[in-house]
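Predicted model only: the values in this text are computed from it and were never measured.
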Amino acid sequence: LAPRGVEQATADALTAILSAELNSIQGITVIGQDDINAMLAKVQTDAQMQCTDSLECVVEIGASLGLSKLISGSVGKVKDTWVISIQLIDTRRAEVENRVLESFDGEKDELRNAVKLAAYQIAGVDYTAKKGGVELTFNVKEAQLQLGAEKGEVKESQFKRGELIPGRYNLRVIADPEEYLPLQTDIYIAPGATNVKTLTVPEQPTPWYKTWWFWTVTGVVIAGAAAATTTVLLLEKKDNGTVEVPLGSVGW
């Protein structure tokens with residue numbers, strides 16, 4: 001997988017995960033990127049291929065290495081959306097046999113689950129029977145939750161559910177609206193796996209009248225008003241020689 005706006009290390013890690021997941025599917029044997037690079041060194045040394053076009057190059061690589069199919073693709077990010085694009089190429093017919101596109105709005109660590117699901121999709125294998133689940137921990141004790149079409153509750157900061165069909169699920173969590181904002185994100189359930197993670201429900205922003213700067217300014221104004229009133233009282237006392245103060249002098 002080529003990086004598109006993400007680190008090379010991320011693309012390399014997802015390539016390794018994709019290869020391993022494909023290898024775990026019965027009937028599929030995968031030669032990884034490192035193996036291909038080693039073989040290509042021999043091929044290039046013998047001057048047996050010259051790549052002039054990306055698809056042509058892939059076909060020649062496959063033919064040179066005796067492979068029937070090759071997988072190529074990319075991983076990237078567009079604003080807040082992560083994107084994994086994969087294509088399966090038949091090297092003998094020089095055709096793209098299958099394409100898979102997975103995109104989601106969520107945390108970066110969901111890429112690994114998305115690419116595991118993509119492995120089954122690109123191979124054309126039915127994965128619906130390989131059910132998985134979720135084990136989620138939150139920073140709130142109680143909340144209302146919706147995972148896909150299913151509604152549930154967060155209790156003691158936990159939510160668990162099993163027997164879920166693999167795929168992408170939109171997660172929405174609503175805690176005490178006076179203290180927390182709604183949480184909305186996408187999560188993946190990979191075939192035969194449980195997604196275990198901790199999520200943070202965002203807190204409500206502090207109202208302006210509860211901020212430190214508001215009370216600091218308020219304290220300064222009150223102190224200033226008190227000092228001004230005291231000064232007027234002293235002046236009236238000196239000028240008039242009496243402690244009686246006209247109401248108008250302290251009105252403001």
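- Residues L22 and A119 share a closest heavy-atom pair of CD2-O, 3.4 Å.
- Each of E150, E153, E135 was scored for a salt bridge (Lys or Arg N to Asp or Glu O under 4.0 Å) with R161, with one residue passing: E150.
- Distance check, rounded to the nearest 0.5 Å: CG of D90 to OG of S68 gives 7.0 Å.
- Expressed to the nearest 0.5 Å, how far NZ of K69 lies from CG of L88 amounts to 5.5 Å.
- Checking L199, L145, L171 one by one against F159, the side-chain contact (heavy atoms from CB on, under 4.5 Å) holds for a single residue, L145.
- Shown here is E142, whose CD atom has no more than 12 heavy atoms of other residues, nucleotides or ligands within 6.0 Å.
- A distance of 8.5 Å separates CD1 in I86 from CD in E102, rounded to the nearest 0.5 Å.
- The pair E7-K108 meets the salt-bridge criterion, since a charged nitrogen lies less than 4.0 angstrom from a carboxylate oxygen.
- With rounding to the nearest 0.5 Å, the separation of CG in L101 from CD1 in I84 is 9.5 Å.
- Here the closest heavy-atom approach between residue L181 and residue P205 is recorded as CD1-CD, 4.3 Å.
- Summarising the geometry of V75 relative to L14, their closest heavy-atom pair is CG2-CD1, 3.6 Å, with the distance given to 0.1 Å.
- Annotation for K160: atom NZ does not count as buried by contact number, only 12 or fewer foreign heavy atoms lying within 6.0 Å.
- No side-chain heavy atom of L1 sits less than 4.5 Å from a side-chain heavy atom of S74.
- Under the 6.0 Å cut-off for aromatic ring centres, Y188 and F104 qualify, their centroids lying closer than that.
- In plain terms, the two heavy atoms of T81 and S103 that are nearest each other are CG2-CB, 3.9 Å.
- Taking hydrophobic clusters as Ile, Leu, Val, Met, Phe, Trp and Tyr residues chained together by side-chain heavy-atom distances below 4.5 Å, L111 shares a cluster with Y127.
- Checked by atom type and distance alone, the side chain of W82 pairs as donor or acceptor with a backbone atom of G106 at under 3.5 Å.
- Checked by atom type, the side-chain pair N139/T200 shows no donor-acceptor distance below 3.5 Å.
- Going from atom CZ of R112 over to atom OG1 of T10 covers 12.5 Å, rounded to the nearest 0.5 Å.
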Full working for side-chain contact (heavy atoms from CB on, under 4.5 Å) between V173 and F138: CA-CA 10 Å; V173 181; F138 298 92; 3.7 Å; yes

Does the salt bridge (Lys or Arg N to Asp or Glu O under 4.0 Å) test come out yes or no for R168 and E110, once each step is laid out? CA-CA 10 Å; R168 182 188 65 208; E110 287 301 319; over 6 Å; no

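- Under 3.5 Å, the side chains of R172 and Q184 contain a donor-acceptor pair of N or O atoms.
- Rounding to the nearest 0.5 Å gives a distance of 9.5 Å between CG of N195 and CG of L147.
- Of the N and O atoms on the side chains of E107 and T185, not one donor lies less than 3.5 Å from an acceptor on the other residue.
- With contacts defined as side-chain heavy-atom distances shorter than 4.5 Å, the pair D109/K197 qualifies.
- Summarising the geometry of P166 relative to A190, their closest heavy-atom pair is CB-C, 4.1 Å, with the distance given to 0.1 Å.
- Looking at N98, its side chain does come within 3.5 Å of a backbone N or O of I122 through a donor-acceptor pair.
- Contact of the I189 side chain with the N113 side chain is not registered, since no non-hydrogen atoms from C-beta on lie closer than 4.5 Å.
- Closest approach of A118 to V100, counting heavy atoms only: CB-CG1, 4.0 Å.
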